[in-house]
Protein chains: 2
Amino acid sequence: MDETWRPDPDRHLSLLFDVFALGQRVRTLVALAMAGSELRPDEYAAYSVVFESPGITMTAMARELGMPVTTAADYVRAMQRRGHVRREHHPHDSRSYVLSLTPAGRSAHRAASTAFQRAHRALLDALAPLTEETVRGQLAAVADGADRAMDTVRRRRTVIPHEATRP
Amino acid sequence: MDETWRPDPDRHLSLLFDVFALGQRVRTLVALAMAGSELRPDEYAAYSVVFESPGITMTAMARELGMPVTTAADYVRAMQRRGHVRREHHPHDSRSYVLSLTPAGRSAHRAASTAFQRAHRALLDALAPLTEETVRGQLAAVADGADRAMDTVRRRRTVIPHEATRP
């Protein structure tokens with residue numbers, strides 16, 4: 001009964017809200033396409049980073065995924081429990097590890113990939129004549145802005161001592 | 001030690017990945033600004049929809065947030081447990097409910113809003129000379145595409161339930 005409901009144009013939701021809702025929307029799309037798959041959409045993203053960059057460190061993985069290292073570490077632990085990721089000492093830094101998918105991990109990624117590609121193709125078709133390159137460029141500008149904004153917020157917080165060391 | 005690590009330009013991460021990573025990045029930014037706040041960034045988004053559109057239905061709330069109704073219902077239940085939302089019968093449809101924040105809910109939203117605005121302002125400053133309006137327009141085009149893509153994926157799933165729709 002609320003098919004006719006439309007957002008009030010005087011609302012004050014922000015760009016930050018739009019990014020959140022877009023992320024949810026795309027998650028819902030991918031979850032729909034990947035229904036019955038072994039991996040959730042967010043897990044597929046984490047697997048994809050390691051698949052595309054074997055030998056990546058946890059820090060770099062977290063940066064790629066836009067999340068704190070502690071959150072990326074949660075994903076890696078779940079992958080380890082499934083026997084899907086291998087941790088090896090960093091060749092140039094023995095305190096650090098590099099990650100790569102095991103054969104079972106690559107197989108799980110490949111299986112989920114077919115379903116994921118359905119969502120990807122449907123989105124590209126829906127966006128035409130906008131190209132993927134154009135839209136990725138627009139999103140990259142916002143992501144770069146978010147990185148700079150994080151630096152600003154962190155710098156301001158360094159005034160408050162116990163928050164200053166947060167990564 | 002991996003300050004010099006840069007993504008391999010031959011990687012095949014997609015627009016869908018970029019949306020996911022942007023959502024994570026903005027979540028990390030907002031969480032940083034909102035550290036110590038009563039609400040998480042995603043909860044703040046849910047509160048904001050009800051705050052800006054008092055009397056909204058759960059269906060409309062879910063659509064605004066880009067999530068399935070079942071997920072929106074989880075947020076509403078958490079808000080109810082805190083006494084932050086009121087459910088009343090829809091004036092024209094007694095099977096349905098409309099939502100509004102209680103005084104305590106508005107107060108929690110307002111308290112979180114100050115911290116949220118720090119993240120918002122920092123992002124707008126970082127994006128300049130791009131305006132919020134421009135970027136919101138770009139994101140809206142992707143969100144509309146995602147909605148159309150969901151229709152496509154749903155339609156294909158009803159015709160051929162299994163794997164036959166592989167692109």
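Every chain is numbered from 1, with letters handed out A, B, ... down the list of sequences.
- Note on B/L22, B/V135, B/T71: by heavy-atom pairs under 4.5 Å with chain A, the leading option is B/L22.
- Using a 4.5 Å cut-off between heavy atoms, B/Y44 does not touch chain A at all.
- A ring-centre distance under 6.0 Å is found for A/Y47 and A/H84.
- Heavy-atom pairs under 4.5 Å with chain B were tallied for A/G23, A/G145, A/A31; the largest tally goes to A/G145.
- Between the CE atom of B/M34 and the CD atom of B/Q117 there is a distance of 10.5 Å, given to the nearest 0.5 Å.
- In this structure, A/R40 pairs ionically with A/E43, as a charged nitrogen and a carboxylate oxygen lie closer than 4.0 Å.
- At a 4.5 Å heavy-atom cutoff, the contact between A/A35 and chain B is made by backbone and side-chain atoms alike.
- Annotation: maximal heavy-atom pairing with chain B below 4.5 Å, among A/T152, A/D18, A/L130, occurs at A/D18.
- Chain B forms the most heavy-atom pairs under 4.5 Å with one residue out of A/L124, A/D147, A/D125, and that residue is A/D147.
- With ring centers used as reference points, B/H89 lies under 6.0 Å from B/Y97.
- A/Y75 contributes atom OH, which lies 11.5 Å from atom OG1 of A/T70 (distance to the nearest 0.5 angstrom).
- We find that A/R148 and A/D151 are not joined by a salt bridge, their nearest charged nitrogen and carboxylate oxygen being 4.0 Å or further apart.
- In terms of non-hydrogen atom pairs under 4.5 Å with chain A, the most contact-rich of B/M67, B/R27, B/R121, B/H92 is B/M67.
- B/V26 is connected to A/L139 through a chain of hydrophobic side-chain contacts under 4.5 Å among Ile, Leu, Val, Met, Phe, Trp and Tyr, so both are in one cluster.
- Comparing A/A128, A/A122, A/P41 by heavy-atom pairs within less than 4.5 Å of chain B, the highest count is held by A/A122.
- Proximity to chain A involves both the backbone and the side chain of B/A119, based on heavy atoms less than 4.5 angstrom apart.
- If you measure heavy-atom distances from B/D42 to chain A, the contacts under 4.5 Å come from both the backbone and the side chain.
- In this structure, chain A has a heavy atom under 4.5 Å from the side chain of B/V30, while its backbone stays farther away.
- There is a side-chain donor-acceptor pair under 3.5 Å between B/H109 and B/S48.
- When heavy atoms are compared at a cutoff of 4.5 Å, A/F51 does not approach chain B at all.
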